[in-house]
Participant: 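My questions all concern the structure below.
Everything numeric here is computed off the predicted structure, so don't read it as measured data.
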Amino acid sequence: MKRNKVFISLGALALAMSSCTDLDVDVVSQYSKDPSANSGVDPMIVVEAKMANVYYRLRGTIGRRYMEAQCLASDEFTALAFDGGYFDAGTYAYTALHCNTAEDATLDWYSEATAGITLANQVLEELGEGASVSMTAPARAIRAYFTWVLMDNFGDTPILDKVAAEGEPTADRSPRKDVALWLENELTTIIPELTTDVNANTYGKPTRWMAEALLAKIYINWPVYTAQSVDQYDASTAVNERLTECIALCDDIIDGGKFNLGSMAYRFKFAPNNGPQVEDFIYAMPFDAIDQQGMQYARPRSYKNLKNMMPNYYGSTDKFSQSFGGNIVVSPEFASIFCLEGDERNNMVLGGPVFNYDPVTLLPTSEPFLVDGEQLVFTKDITLAKQDNTIDVGTETSSYAQGYHSIKWFIVPEDYNNGRNQSNDVPIFRYADVLLMKAEALVRSHQSGAMELFNQVRSYAKAPTIAAEPTLEEIYDERGREFFDENWRRNDMIRFGTYEGQFFPHYTDFPGANFDKRHRIFPIEKEMLDLNTNWQQNPGY
């Protein structure tokens, strides 16, 4: 729906799409020489042009596969199959059961992140060793973000800080702790040199605030990332040595005054026309159904038979001509946390009797959504057609009503009918996250002040405030409500020690459910192991 974004050029897109995934293969530069040399062109404009290939490298991945890995591995969502439909060789079900294989499509984005790192290194190489930190900082920030994605999801990760020379051996994977320390040093070095501007031109690009939010996220997870091995982290005994630093970073973002929870209602932050006007977005991935494609959250989250239905619960005046999957639904346990009276975030989940929404207010109306003349009722509990790891509910009409559904990423036919694409930008770091990270760090370090931060978020969402300092459990639940369907729950669950818990269908008596603590990270995709033969698969896979 929005067409006012900064787009990648066709040439840049072509280069990005054709770049290599082998860590030991050079990327051919599109520049034979630095175009800023003796040209009188502002060097920062040249840097911006060179960075066009890098900024949005993970757009398609964040728009689908990365999202699937994060949401299905957590207690937020589960995957359903319909008499074999959408089982897809287990790629969704295995993620929900924590028993992934190296060939699951939900994990085929390792190569995308490494290619992004290579592209960033190419830019840095072209800038040359004499380039100032302020010129190299944006590329280094994006490189750090891509490296963090790999470390968070796959553990040990190569530290790729230069383009590999011809004939140079493939980079080894560095221990996760070493990667965390490298990221700390890298981000601490570049943060002072990154822009502090917040406007339409810096939207979706690295700024000081983006880098600080990333480093704060690393610090709040510091005991997770620096544990001797992924299975050795114990949430009940872990000591975080970086809480003071985490608080300081959050304070710098807060005191910078560039962001706030905003004047718009919570639901509008995630609407098809969101963008730089959302005062809560520190760093986001821009999408547009025509020019910046890849965002497809609604496809698996919407009622399976919504195609061609009129009226439909999105309240559109046109039909959706593209099909829906309806195979990613909210787990019964997670649906239960949306229980606070008056909390606007409750409207992000469709459960019980379904009513059509108003496409302007994005709120439910009194008009029931009818299927075959009867109001559709989404059931919280899920009844399986067979007790096996397919998580199959059959293909009866009632099968498609199993589980509550997310409506957070509201869609319109104008977008969705174009190859199921959406124009909803996806936030990666939000100001609300900074507030709750600081609150958590304060509680973990036995300091006061968390209640005021916690209540800022509650008040904005029109949820009841609390009258005492929050507990860690309250912060954990609040993070679940606030960042529902934003790819953070898996990260939170590991830190809070609930990842090996009981949530549908991840039950101890369920076929295929895995509780190996080494599965807190995913297996390395087969393609990367084939390309980098000196690597070993993650333990436990």
Side-chain angles (χ1 to χ4, degrees), residues 1 63-64 67-68 71-72 76-88 92 267 270-273 287 289 293-331 335 346-380 382 391-424 484-485:
M1 290 294 288
R64 182 180 178 187
M67 167 273 292
E68 291 170 346
C71 78
L72 289 174
E76 280 186 325
F77 292 95
T78 190
L80 302 181
F82 305 114
D83 197 20
Y86 289 100
F87 180 62
D88 289 6
Y92 307 115
R267 60 192 181 276
F270 314 98
N273 61 347
F287 286 93
Q293 296 180 342
M295 203 293 193
Q296 296 193 346
Y297 285 30
R299 180 187 182 186
R301 287 161 172 74
S302 302
Y303 178 61
K304 190 177 189 314
N305 285 348
L306 205 61
K307 178 181 177 181
N308 291 328
M309 293 188 69
M310 285 295 291
N312 58 66
Y313 63 64
Y314 285 105
S316 57
T317 57
D318 296 318
K319 293 181 180 180
F320 290 104
S321 62
Q322 298 283 322
S323 63
F324 292 85
N327 60 310
I328 293 182
V329 301
V330 182
S331 76
N346 296 340
N347 291 315
M348 302 298 98
V349 179
L350 283 176
V354 179
F355 293 87
N356 294 332
Y357 273 56
D358 184 316
V360 176
T361 66
L362 307 188
L363 290 172
T365 68
S366 58
E367 179 184 9
F369 173 62
L370 303 179
V371 176
D372 297 330
E374 299 289 334
Q375 185 173 18
L376 178 67
V377 177
F378 283 137
T379 62
K380 180 188 292 187
I382 299 168
I391 320 179
D392 203 306
V393 295
T395 54
E396 302 295 325
T397 300
S398 59
S399 302
Y400 304 142
Q402 300 259 27
Y404 285 4
H405 287 51
S406 172
I407 197 172
K408 185 167 183 172
W409 303 100
F410 210 89
I411 53 170
V412 293
E414 181 183 348
D415 287 342
Y416 191 80
N417 291 345
N418 184 40
R420 303 186 186 91
N421 284 288
Q422 299 176 236
S423 294
N424 317 62
F484 166 60
D485 210 355

Participant: Just wondering, do Tyr92 and Ile391 contact through their side chains at under 4.5 Å, heavy atoms?
Facilitator: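 Not in contact.
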Participant: Tell me the closest heavy-atom pair linking Tyr404 and Ala335, and the distance in Å.
Facilitator: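 Of all heavy-atom pairs spanning Tyr404 and Ala335, the closest is CD2-CB, 3.6 Å.
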Participant: Using a 3.5 Å distance criterion without hydrogens, assess whether the side chain of Gln322 forms a donor-acceptor pair with backbone atoms of Asn421.
Facilitator: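 Flag not set: sc Gln322 to bb Asn421 has no pair under 3.5 Å.
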Participant: Please identify each residue that fulfils salt bridge (Lys or Arg N to Asp or Glu O under 4.0 Å) with Arg64, with sequence neighbours left out.
Facilitator: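 So Arg64 forms a salt bridge (Lys or Arg N to Asp or Glu O under 4.0 Å) with Glu68.
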Participant: Could you check whether the rings of Phe77 and Phe484 sit parallel, tilted or perpendicular, using 30° and 60° as the cut-offs?
Facilitator: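 The arrangement is parallel - the two ring planes meet at less than 30°.
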Participant: Test side-chain hydrogen bond (donor to acceptor under 3.5 Å, both in side chains) on Tyr314 and Ser302 and set out the steps.
Facilitator: CA-CA 10 Å; Tyr314 285 105; Ser302 302; 2.7 Å; yes
Participant: Closer than 3.5 angstrom, by distance alone: can the side chain of Gln422 be matched with the main-chain N or O of Ala298 as a donor-acceptor pair?
Facilitator: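 At least one qualifying donor-acceptor pair exists.
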Participant: To the nearest 0.5 Å, tell me how far Gln296 CD sits from Arg301 CZ.
Facilitator: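 Between Gln296 CD and Arg301 CZ, I get 11.0 Å after rounding to 0.5 Å.
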Participant: Please give me the minimum heavy-atom distance between Pro353 and Gln375, naming the atom from each residue.
Facilitator: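 In terms of heavy atoms, the two residues are closest at CB-NE2, 3.6 Å.
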Participant: Can you measure from CG (Leu362) to NZ (Lys408) and round to the nearest 0.5 angstrom?
Facilitator: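 Reported to 0.5 Å precision, the distance equals 13.0 Å.
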Participant: Counting N and O atoms only, with roles assigned by atom type, does the side chain of Ser399 sit under 3.5 Å from a partner on the main chain of Val393, one being a donor and the other an acceptor?
Facilitator: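 Yes.
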Participant: When rounded to the nearest 0.5 angstrom, what distance separates OH in Tyr357 from OG1 in Thr365?
Facilitator: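 With rounding to 0.5 Å, OH (Tyr357) is 9.5 Å from OG1 (Thr365).
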Participant: Determine whether Val371 and Asn305 make a side-chain contact, defined as any pair of heavy atoms from C-beta on separated by less than 4.5 Å.
Facilitator: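 No - every pair of side-chain heavy atoms lies 4.5 Å or more apart.
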Participant: With ring pair (Phe, Tyr, Trp, His ring centres under 6.0 Å) as the test, would you mind laying out the steps for Tyr400 and Phe82 before giving the verdict?
Facilitator: CA-CA 8 Å; Tyr400 304 142; Phe82 305 114; 4.9 Å; yes
Participant: What class does the angle between the rings of Phe324 and Tyr416 fall in, given that below 30° is parallel, 30 to 60° is tilted and above 60° is perpendicular?
Facilitator: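 Geometry flag for Tyr416 against Phe324: parallel rings.
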Participant: Please give me the minimum heavy-atom distance between Tyr303 and Met309, naming the atom from each residue.
Facilitator: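 Nearest heavy atoms, Tyr303 then Met309: CE2-SD, 4.1 Å.
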Participant: Return the CZ to CG distance between Arg299 and Asn327, rounded to the nearest 0.5 Å.
Facilitator: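 Between Arg299 CZ and Asn327 CG, I get 8.5 Å after rounding to 0.5 Å.
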Participant: Can you tell me how far CG of Asn308 sits from OG of Ser321, rounded to the nearest 0.5 angstrom?
Facilitator: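 Output value for this atom pair is 7.5 Å.
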Participant: With respect to Phe270, which candidate in Tyr297, Trp409, Phe410 satisfies the side-chain contact (heavy atoms from CB on, under 4.5 Å) definition?
Facilitator: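 In the set Tyr297, Trp409, Phe410, the residue that makes a side-chain contact (heavy atoms from CB on, under 4.5 Å) with Phe270 is Trp409.
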Participant: Determine whether Ser316 and Glu414 make a side-chain contact, defined as any pair of heavy atoms from C-beta on separated by less than 4.5 Å.
Facilitator: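 Answer no - side chains too far apart.
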Participant: Which atom pair, heavy atoms only, marks the closest approach of Asn347 to Ile407?
Facilitator: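 Reported closest heavy-atom pair: O-CG2, 3.3 Å.
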Participant: For the pair Glu76 (side chain) and Asp485 (backbone), establish whether a donor and an acceptor sit closer than 3.5 Å, ignoring hydrogens and angles.
Facilitator: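 Side chain of Glu76 to backbone of Asp485, a donor-acceptor pair under 3.5 Å: yes, one is there.
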Participant: Could you measure the distance from the CG atom of Asn312 to the OG1 atom of Thr317? Nearest 0.5 Å is fine.
Facilitator: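 One gets 9.5 Å once the value is rounded to the nearest 0.5 Å.
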Participant: Is there a donor in the side chain of Arg267 and an acceptor in the side chain of Thr361, or the other way round, less than 3.5 Å apart?
Facilitator: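 Short answer, no.
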Participant: So, the side chain of Asn356 versus the backbone of Gly315: is there a donor-acceptor pair under 3.5 Å, distance only?
Facilitator: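 Side chain of Asn356 to backbone of Gly315: no pair is present.
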Participant: Minimum heavy-atom separation for Val412 to Pro272, with atom names?
Facilitator: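 Shortest heavy-atom contact: CG1-CG, 4.4 Å.
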Participant: Give a yes or no on whether the backbone of Leu376 and the side-chain of Tyr313 come within a donor-acceptor separation of less than 3.5 Å.
Facilitator: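 No.
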Participant: Hey, can you tell me if His405 and Phe378 have their rings parallel, tilted or perpendicular (30° and 60° cut-offs)?
Facilitator: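 It falls in the parallel class, under 30°.
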Participant: Lys304 and Gly325: which non-hydrogen atoms are nearest, and at how many Å?
Facilitator: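 Closest pair (atom of Lys304, atom of Gly325, distance): CG-O, 3.4 Å.
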